[in-house]
There are 2 protein chains.
Amino acid sequence: MWTLSTSTGSGYHHGDLRAALLDSALALLNSEGPGELSLRAVARHAGVSPNAPYRHYRDKEALLAALATRGFTELGERLAAVAPGEEPGAEVISMACAAVDYALDHPGVYRLMFGQACSGHPDTIAASDAAIAIVAERIAAVAEPERREPLRVGIWALVHGLSTLLLDERLGTPTRAEADALVETVLRTMLGAGPERPDGGSAAR
Amino acid sequence: MWTLSTSTGSGYHHGDLRAALLDSALALLNSEGPGELSLRAVARHAGVSPNAPYRHYRDKEALLAALATRGFTELGERLAAVAPGEEPGAEVISMACAAVDYALDHPGVYRLMFGQACSGHPDTIAASDAAIAIVAERIAAVAEPERREPLRVGIWALVHGLSTLLLDERLGTPTRAEADALVETVLRTMLGAGPERPDGGSAAR
DNA sequence: CATCGATGTGTACGATGTCCACATTGAAGG
DNA sequence: CCTTCAATGTGGACATCGTACACATCGATG
């Protein structure tokens, strides 16, 4: 039985290269964008030869897809972790903020998740659908049936668009709190709730 | 004075390589995604040596950025071309459909426009801002002042998110009319207007 | 017609993705 | 305990890519 953690082994064999490669790729992704990431660099970072990854992933694309899949899973966990709020719409806003926060925390992986490199990979799509399903579930609880599907698509698209704009710094360079406030303001304004804000915090930037 | 159109010249010199390279890149982009696009392939398609592009663009990235800039300009023209509708919100919906249609018409360029490769290029950003400004103008005409900024950001993000989801075929493979109808439904549902659909046929376009 | 700046060509180098044959290992079976 | 084997990692090789350098070729201008 191998060691169950990463980066242990007797020199030649690595222990759990499959997972270690994902971690190395993650580390390199957050320091430079995807597309710049080379499979050889991942292998170097993991301390193995350039061809070692091919024993665990068919392609460079397969490695990236696996990383994106893990990203969607983690995103889903964050979404599932938002406590059911007292106000009906508050949950949705909290989930939107959670998604945007995830994008800001892991810019590289987020871009990978929605890039065309791994879009089309069955595992990645499944993980993505699972994450959406969590949001859809909460939406279904507060919206009449014929509005559910458009709301699901619209909120998903809106949150993804906001994340992209924020990652590209097209909305300035807000702090985490400012970004969350912006997300809340945009969502409240778009959905009928109007600009009413119970607390007196900073609105949008 | 050189010939003012593309692909004319006496063999050695090309005529207007700068524009011809953009056209070649566009042609190759629509047959394969960006990232697969190689500068050498663009040069080959234009019938010049691999180094010829460097006389007109500093980088591969510069070429891509120029293409993305042209994309934003064309998108802006489409947005500006939507006739002012009789109903206040109809313009915004038509512009959203126009943007999504542009994405569906030029998938490669659209992904380029919002990819991180050219994000950060001043010209591209300027063209992007110009396109947004057109939308913002129309929004300002129908929304009270404090709602304008969130609406501008939200609609831009929503439309971009919808385009991305459609391009990645995450919303099925609708026809153009179906996609437009979907955009209209999502927008009407998100914004307060509700699911009211005056006619019974396909809505938008 | 000579010259010159603009434009395109050729060669070259390092890096990359991936294929192949080979080396090394831990573990199963005698 | 030793052999054997499948899993795993290494090394070399090849085509391709982005790009730098030196050289060739052209149109316009004197």
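Labels below follow one simple rule: chain letters A, B, ... track the order of the sequence lines, proteins then strands, and each chain is numbered from 1. Just so it is clear, the values below take in all heavy atoms, side chains as well, and ignore hydrogens, waters and symmetry mates.
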Worksheet item: side-chain hydrogen bond (donor to acceptor under 3.5 Å, both in side chains): which pairs involve residues 116-125 of chain B, sequence neighbours left out?
Response: B:Thr69-B:Thr124

Fill in: Any residue meeting salt bridge (Lys or Arg N to Asp or Glu O under 4.0 Å) with B:Asp105, in chain and number order, not counting sequence neighbours
B:Arg78, B:Arg176

Fill in: Whole-Å gap separating P (D:dG18) and CG (B:Leu37)
8 Å

Item to complete: List for me each residue that meets salt bridge (Lys or Arg N to Asp or Glu O under 4.0 Å) alongside A:Arg152, sequence neighbours excluded, and say none if there are none.
Response: A:Glu149

Worksheet entry | For A:Asp180, all residues meeting salt bridge (Lys or Arg N to Asp or Glu O under 4.0 Å), sequence neighbours excluded | none

Worksheet item: For the pair made of CD in A:Glu36 and C1' in D:dC17, what is the distance, rounded to whole Å?
Response: 14 Å

Fill in: All pairs passing side-chain hydrogen bond (donor to acceptor under 3.5 Å, both in side chains) where residues 39-50 of chain B contributes a residue, at least two apart
B:Ser24-B:His45

Worksheet item: Any salt bridge between B:Glu146 and A:Arg188, counting N to O under 4.0 Å?
Response: no

Worksheet entry | Set of side-chain contact (heavy atoms from CB on, under 4.5 Å) partners for A:Val186, sequence neighbours left out | A:Leu158, A:Leu162, A:Leu182, A:Met190, B:Pro150, B:Val153

Worksheet item: A:Thr175: what forms a side-chain contact (heavy atoms from CB on, under 4.5 Å) with it, not counting sequence neighbours?
Response: A:Ala177, A:Glu178

Worksheet item: For the pair made of CG in A:Leu21 and P in D:dT8, what is the distance, rounded to whole Å?
Response: 12 Å

Worksheet entry | Under the side chain to side chain donor-acceptor pair (under 3.5 Å) test, residues paired with B:Arg170 that sit two or more places apart | A:Ser128, A:Asp129

Strictly under 3.5 Å: I want the nitrogen or oxygen pairs between protein and nucleotides 3-5 of chain C, one per line.
none

Item to complete: Treat primed atoms plus P, OP1 and OP2 as sugar-phosphate and everything else as base, then score nucleotides 9-15 of chain C 5' to 3': B for base contact with protein heavy atoms under 4.0 Å, S for sugar-phosphate contact only, - for none.
Response: BBBB---

Worksheet item: Can you tell me how far C1' of D:dT19 sits from CG of B:Leu39, to the nearest Å?
Response: 9 Å

Discussion item. Going by the rule ring-ring contact (aromatic ring centres under 6.0 Å, His included), which residues pair with B:Tyr102 if we only count those two or more places apart in sequence or in a different chain?
Written reply: B:His106

Practice prompt. Specify the residues of residues 56-65 of chain A, ordered by number, for which at least one heavy atom lies under 4.0 angstrom from an atom of DNA chain D.
Written response: A:His56

